[in-house]
*Asks:* 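One structure follows; several queries about it will come next.
Along the sequence shown, the residues carry numbers beginning at 1. What's counted below: heavy atoms across the whole structure, side chains too, no hydrogens, waters or symmetry copies.
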Amino acid sequence: MRARILNLGVLAHVDAGKTSLTERLLFEHGTTTELGSVDAGTTQTDGNALERERGITIRSAVASFAVGDLHVNLIDTPGHPEFISEVQRSLSVLDGAVLVVSAVEGVQPQTRVLMRTLQSMQLPTIVVVNKIDRKGARTVELVDEIRRTLLIDVAVLNEVQTLGQRSASAHSKGFDTDVDLIAAIAEHDDALLAAFVDGRPLDPDAVRRSLAASTARGVICPLLFGSAMTGAGVADLTDTIASMLPTTPTNSDPTAELCGRVFAIERSLAGGKTAVIRLFGGQLEARQSLVFHRDSDVATIDYPAKVTQLQVVGASDGQNVARSGDIVRASGLAQTQIGDRLGDPVPRRAVRFAPPTLESVIRPRNNTEAATVHAALALLADEDPLIRIRAIPGGATSVFLYGDVQKEVIGDRLSRDFGLDVDFDTTVPLYLERVIGTGESMFEVDRRGENLFCATVGIRIEPIDEDGFDYQQASEWGVMPHAFHSAIEDGVYITMQQGLYGWDVIGCRVTVFAADQYAPLSTAADFRNLSPIVLLRALEQARTQVCEPCSRVEIATPKAALNAVLGYLSTIDAKIVDTIPNESEWVVHSIVPARLEQQLMKALPGLTHGTGVLWSEPARPRPVGDPVPTRARHDGNPLDVDKYLRHLSGRRDGA
């Protein structure tokens with residue numbers, strides 16, 4: 001019986017045993033009949049061939065198991081830094097997390113990055129020290145390392161016997177007898193602390209409840225030792241998951257507002273599209289009419305949809321109604337993208353990950369397959385909102401990337417899933433154009449209808465102190481059909497992806513101050529095609545400055561490696577903001593060109609003997625010097641009207 005639901009994420013540095021632990025939980029609770037193996041490529045959650053061959057998780061996967069009346073949706077997330085957007089999407093729908101640390105390797109750089117992210121989102125977290133059966137495994141000193149480097153309080157719930165041997169086992173501590181455990185929990189509970197200090201008898205159930213409350217507040221993390229390979233400690237972990245993490249009751253009010261978020265898109269081999277949705281409130285069933293909301297750079301877009309088929313993850317085949325807490329796979333939502341929402345779910349604290357800052361051009365080896373490659377890439381972009389593509393004159397397509405591993409994954413998926421062989425050009429950085437002045441342009445309809453477009457559009461551009469752009473409609477509504485206003489907005493949005501130098505335009509407000517039609521000849525295409533001309537003329541007046549994306553980087557480095565880190569940062573044109581000494585390390589704050597961040601991440605282990613840690617978040621783009629980098633246009637250049645018209649004519653003719 002499903003009385004409670006818990007949506008649980010499993011996170012770790014690469015090779016800490018995250019997927020193996022996921023497979024062990026599924027096996028121990030009867031979801032799978034055989035224990036999946038990363039080495040053998042038989043894992044349940046690494047579903048595609050590339051994940052199994054590489055032994056890494058690339059896409060988040062959902063599986064489920066039951067612990068008594070608790071239904072657990074288990075979400076296995078990627079550990080590789082280039083797939084951090086997958087982690088971000090998963091965290092937004094979780095109730096709690098398990099962070100896996102290797103008992104041999106200990107706290108690794110990505111472990112610290114993930115823990116910091118979990119803390120910033122205030123997600124209740126259990127720490128699992130895996131691989132206690134391996135030679136070189138540590139316990140007491142590793143707990144100290146976890147407290148010191150992850151900056152968290154932990155309550156150690158079990159202890160290990162025959163450490164580092166195949167026979168290693170983990171045994172629960174007593175909530176009423178273990179002094180160290182009770183002391184750790186009492187640090188966050190004044191009433192418990194007073195009873196503990198006074199030597200009064202303690203109710204173990206009350207101590208457990210105190211730990212659960214502190215865990216839910218994110219002020220302490222239960223810590224358990226175990227082995228995913230042998231199953232040692234898994235029973236303790238199961239009990240802790242069921243008793244220490246906040247859950248959602250299944251008898252929630254079905255009349256409440258329907259709230260949910262799309263956090264994954266799945267496609268069948270036949271191309272069928274399924275949206276994976278976490279519900280936060282209300283009730284959802286098949287054939288239900290819905291309204292989804294999508295937050296874009298310009299405005300919130302609302303669109304209707306209807307679910308044709310509904311599968312509640314982990315439920316019996318007969319259950320076709322989903323409620324708060326459920327994760328569902330919904331079919332029939334052709335328009336739906338990752339990040340779209342139902343209602344207004346209360347988000348956890350936002351984590352701001354940098355968008356891709358690299359670009360590579362993909363060319364089909366068979367020139368006749370250019371359109372097919374572009375269509376396949378569009379499907380992949382539909383699954384990942386941080387993948388953006390654009391057509392390149394001559395039949396190629398460009399794609400925005402985080403790094404070379406992601407490029408390999410895209411190439412492999414094109415080959416395996418679509419049977420397409422492609423080549424990638426050299427990866428190059430993406431730049432931006434910031435508006436630095438004010439400009440205005442207007443193209444007025446000739447009342448005789450003797451002009452290029454049967455439309456009037458007036459656009460004003462002015463700078464703002466933000467990195468996006470703000471779109472405003474100041475012309476009078478109701479004078480012409482709404483579709484014409486939407487066409488202007490479409491034209492503006494597309495053109496803002498190619499400024500005066502060919503790069504995305506940021507830092508401005510775009511105001512449409514005039515819009516009029518020439519009835520009955522005007523069409524939406526007139527407004528959509530005219531808007532780029534008017535916008536670029538206004539942009540030409542305002543002028544833009546080409547900037548490069550930057551990251552605000554924080555590096556924790558051993559004291560002995562500080563000079564090496566500072567020296568390297570100077571070679572990649574980084575700006576040192578601050579250096580702060582800590583107990584056993586220095587923390588360096590700097591602004592780094594985003595195009596060089598991957599290079600810095602690769603160099604850091606060598607500079608710091610494998611112990612340096614890097615955190616980053618987007619920083620304000622900074623201007624570049626001469627020569628100003630440019631990017632080839634693919635819109636016919638609306639500033640050259642004759643060339644632009646030839647482009648439009650060729651597009652209409654299918655050229």
*Asks:* Using the side chain to side chain contact (heavy atoms under 4.5 Å, CB included) definition, which of the options Ile277, Ile265, Asp340 pairs with Leu333?
*Replies:* Ile277
*Asks:* Quick test of your reading of the model: are Arg294 and Asp302 salt-bridged, counting only N-O distances below 4.0 Å?
*Replies:* no
*Asks:* Closest approach of Pro429 and Leu358, non-hydrogen atoms and distance?
*Replies:* CA-CD2, 4.2 Å
*Asks:* Anything under 30° is parallel, anything over 60° is perpendicular, the rest tilted; go ahead and classify Phe292 against Tyr303.
*Replies:*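 Rings of Phe292 and Tyr303: parallel, under 30°.
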*Asks:* Please check this pair: side chain of Ser531 against backbone of Phe527, looking for a donor-acceptor N/O pair closer than 3.5 Å.
*Replies:*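 Confirmed, Ser531 side chain pairs with Phe527 backbone.
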*Asks:* Apply side chain to side chain contact (heavy atoms under 4.5 Å, CB included) to Leu639 and Tyr644, showing your working.
*Replies:* CA-CA 8 Å; Leu639 287 175; Tyr644 179 59; over 6 Å; no
*Asks:* Nearest 0.5 Å, what's the CG-OG distance between Leu74 and Ser64?
*Replies:* 9.0 Å
*Asks:* What pair of heavy atoms forms the shortest contact from His293 to Gly343, and how long is it?
*Replies:* CD2-O, 3.6 Å
*Asks:* So, Asp640 side chain and Asn637 main chain: donor-acceptor pair closer than 3.5 Å or not?
*Replies:* no
*Asks:* With a 4.0 Å cut-off on N to O distance, would you call Lys407 and Asp412 a salt bridge?
*Replies:*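 No, Lys407 and Asp412 are not salt-bridged.
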*Asks:* Specify the closest pair of heavy atoms between Val422 and Pro364, including all atoms of both residues, with the distance to one decimal.
*Replies:* CG1-CA, 4.2 Å
*Asks:* Restricting to side-chain hydrogen bond (donor to acceptor under 3.5 Å, both in side chains), what partner residues turn up for Asp490, sequence neighbours left out?
*Replies:*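 Per chain and number, Asp490 pairs via side-chain hydrogen bond (donor to acceptor under 3.5 Å, both in side chains) with no residue.
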*Asks:* Give a yes or no on whether a salt bridge exists between Lys273 and Glu266, defined as a side-chain N under 4.0 angstrom from a carboxylate O.
*Replies:*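 Salt bridge flag = no for Glu266 with Lys273.
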*Asks:* Go through the steps to decide whether Phe263 and Ile327 satisfy the test side chain to side chain contact (heavy atoms under 4.5 Å, CB included), and finish with yes or no.
*Replies:* CA-CA 10 Å; Phe263 72 96; Ile327 289 180; 4.1 Å; yes
*Asks:* Is any side-chain heavy atom of Thr438 closer than 4.5 Å to one of Ile461?
*Replies:*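 No; the side chains remain at least 4.5 Å from each other.
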*Asks:* Using a 4.5 Å cut-off on heavy atoms from C-beta on, say whether the side chain of Leu91 contacts that of Thr117.
*Replies:* yes
*Asks:* Between Arg329, Gln309, Gln311, which is the residue that forms a side chain to side chain contact (heavy atoms under 4.5 Å, CB included) with Thr274?
*Replies:* Arg329
*Asks:* So, the side chain of His13 versus the backbone of Gln110: is there a donor-acceptor pair under 3.5 Å, distance only?
*Replies:*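 Answer holds: yes.
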*Asks:* Under 3.5 Å, sequence neighbours excluded: what are the donor-acceptor pairs made by side chains of residues 504-512?
*Replies:*
unit_1, atom_1, unit_2, atom_2, d
Asp504, OD1, Arg388, NH2, 3.0
Asp504, OD2, Arg388, NH1, 3.1
Asp504, OD2, Arg388, NH2, 2.9
Arg509, NE, Asp470, OD2, 3.0

*Asks:* Please check: side-chain N/O of Trp503 versus main-chain N/O of Pro629, any donor-acceptor pairing under 3.5 Å?
*Replies:* yes
*Asks:* Taking Arg363 first and then Asp423, would you say they form a salt bridge - that is, a charged N and a carboxylate O separated by under 4.0 Å?
*Replies:*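 Result for this pair is no, no salt bridge flagged.
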*Asks:* What distance do Leu342 atom CG and Leu279 atom CG have between them, rounded to the nearest 0.5 Å?
*Replies:* 7.5 Å
*Asks:* Check whether Ser522 reaches the backbone of Cys454 with its side chain - one donor and one acceptor, N or O, closer than 3.5 Å.
*Replies:* yes
*Asks:* Give, for atom CZ of Phe453 and atom CG of Leu645, the distance between the pair rounded to the nearest 0.5 Å.
*Replies:* 5.5 Å
*Asks:* What's the verdict on salt bridge (charged side-chain N to carboxylate O under 4.0 Å, His left out) for Asp573 and Arg595, showing C-alpha distance, side-chain angles and the deciding distance?
*Replies:* CA-CA 11 Å; Asp573 198 23; Arg595 59 187 166 86; 5.3 Å; no
*Asks:* Restricting to non-hydrogen atoms, name the atom on Asn7 and the atom on Val93 that form the minimum distance, rounded to 0.1 Å.
*Replies:*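 Closest heavy-atom pair between Asn7 and Val93: CB-O, 3.8 Å.
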*Asks:* Could you state the interatomic distance from OH (Tyr431) to SG (Cys547), rounded to the nearest 0.5 Å?
*Replies:* 11.5 Å
*Asks:* Less than 4.5 Å apart, any side-chain heavy atom of Ile362 and any of Leu377?
*Replies:* yes
*Asks:* Under 3.5 Å, is there a donor-acceptor pair between the side chain of Ser415 and the main chain of Gly411?
*Replies:* no
*Asks:* With a cut-off of 6.0 Å (strictly less than), are more than 12 heavy atoms of other residues, nucleotides or ligands near CD of Gln472?
*Replies:*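 Enclosed: over 12 neighbouring heavy atoms sit under 6.0 Å from CD of Gln472.
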*Asks:* Would you give the length of the straight line joining atom CD of Gln498 to atom CZ of Arg633, rounded to the nearest 0.5 angstrom?
*Replies:* 5.0 Å
*Asks:* Would you name the heavy atoms of Ala286 and Leu310 that are closest together and state the gap between them?
*Replies:*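 It is N-CD2, 3.9 Å.
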*Asks:* Starting from the C-alpha separation in whole Å, work towards a yes-or-no answer on side chain to side chain contact (heavy atoms under 4.5 Å, CB included) for Ser331 and Val307.
*Replies:* CA-CA 6 Å; Ser331 303; Val307 175; over 6 Å; no
*Asks:* Can you find a pair of side-chain heavy atoms, one from Leu414 and one from Leu380, that are under 4.5 Å apart?
*Replies:*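 Yes; the side chains approach each other to less than 4.5 Å.
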*Asks:* Do Ile410 and Phe424 make a side-chain contact, defined as non-hydrogen atoms from C-beta onward lying under 4.5 Å apart?
*Replies:* yes
*Asks:* Do the side chains of Arg390 and Glu359 get close enough for a salt bridge, i.e. N-O under 4.0 angstrom?
*Replies:*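 Looking at Arg390 and Glu359, the cut-off is met.
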*Asks:* Regarding Asp465 and Arg620, does a basic nitrogen lie under 4.0 Å from an acidic carboxylate oxygen?
*Replies:* yes
*Asks:* Indicate yes or no: at least one non-hydrogen side-chain atom of Ile572 is less than 4.5 angstrom from one of Val592.
*Replies:*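 With C-beta onward as the side chain, the pair touches.
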*Asks:* Can you check whether Phe513 reaches Met442 side chain to side chain, under 4.5 Å on heavy atoms?
*Replies:* yes
*Asks:* What are the two closest non-hydrogen atoms of Gly339 and Arg261, and how far apart are they?
*Replies:* O-NH1, 3.8 Å
*Asks:* Is there side-chain contact between Glu369 and Leu420, with at least one heavy-atom pair below 4.5 Å?
*Replies:*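 In contact.
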*Asks:* Please report the C-alpha distance between Arg287 and Thr308 in whole Å, then the side-chain angles of each, then the deciding distance to 0.1 Å, and finally whether the side chain to side chain contact (heavy atoms under 4.5 Å, CB included) criterion is met.
*Replies:* CA-CA 5 Å; Arg287 311 306 303 174; Thr308 57; 3.7 Å; yes
*Asks:* Could you tell me if Glu444 and Thr456 have a donor-acceptor pair between their side chains, going purely by distance under 3.5 Å?
*Replies:* no
*Asks:* NE2 of His374 to CG of Leu379: how many Å apart, nearest 0.5 Å?
*Replies:* 10.5 Å
*Asks:* Please lay out, stage by stage, how Arg278 and Asp326 fare under the test salt bridge (charged side-chain N to carboxylate O under 4.0 Å, His left out).
*Replies:* CA-CA 6 Å; Arg278 158 73 196 266; Asp326 278 328; over 6 Å; no
*Asks:* I'd like a table of donor-acceptor pairs (distance under 3.5 Å, sequence neighbours excluded) in which one partner is a side-chain atom from residues 532-544, with atom names and distances.
*Replies:*
unit_1, atom_1, unit_2, atom_2, d
Gln541, OE1, Glu440, N, 3.1
Gln541, NE2, Glu440, O, 2.9
Thr544, OG1, Glu433, OE1, 2.7

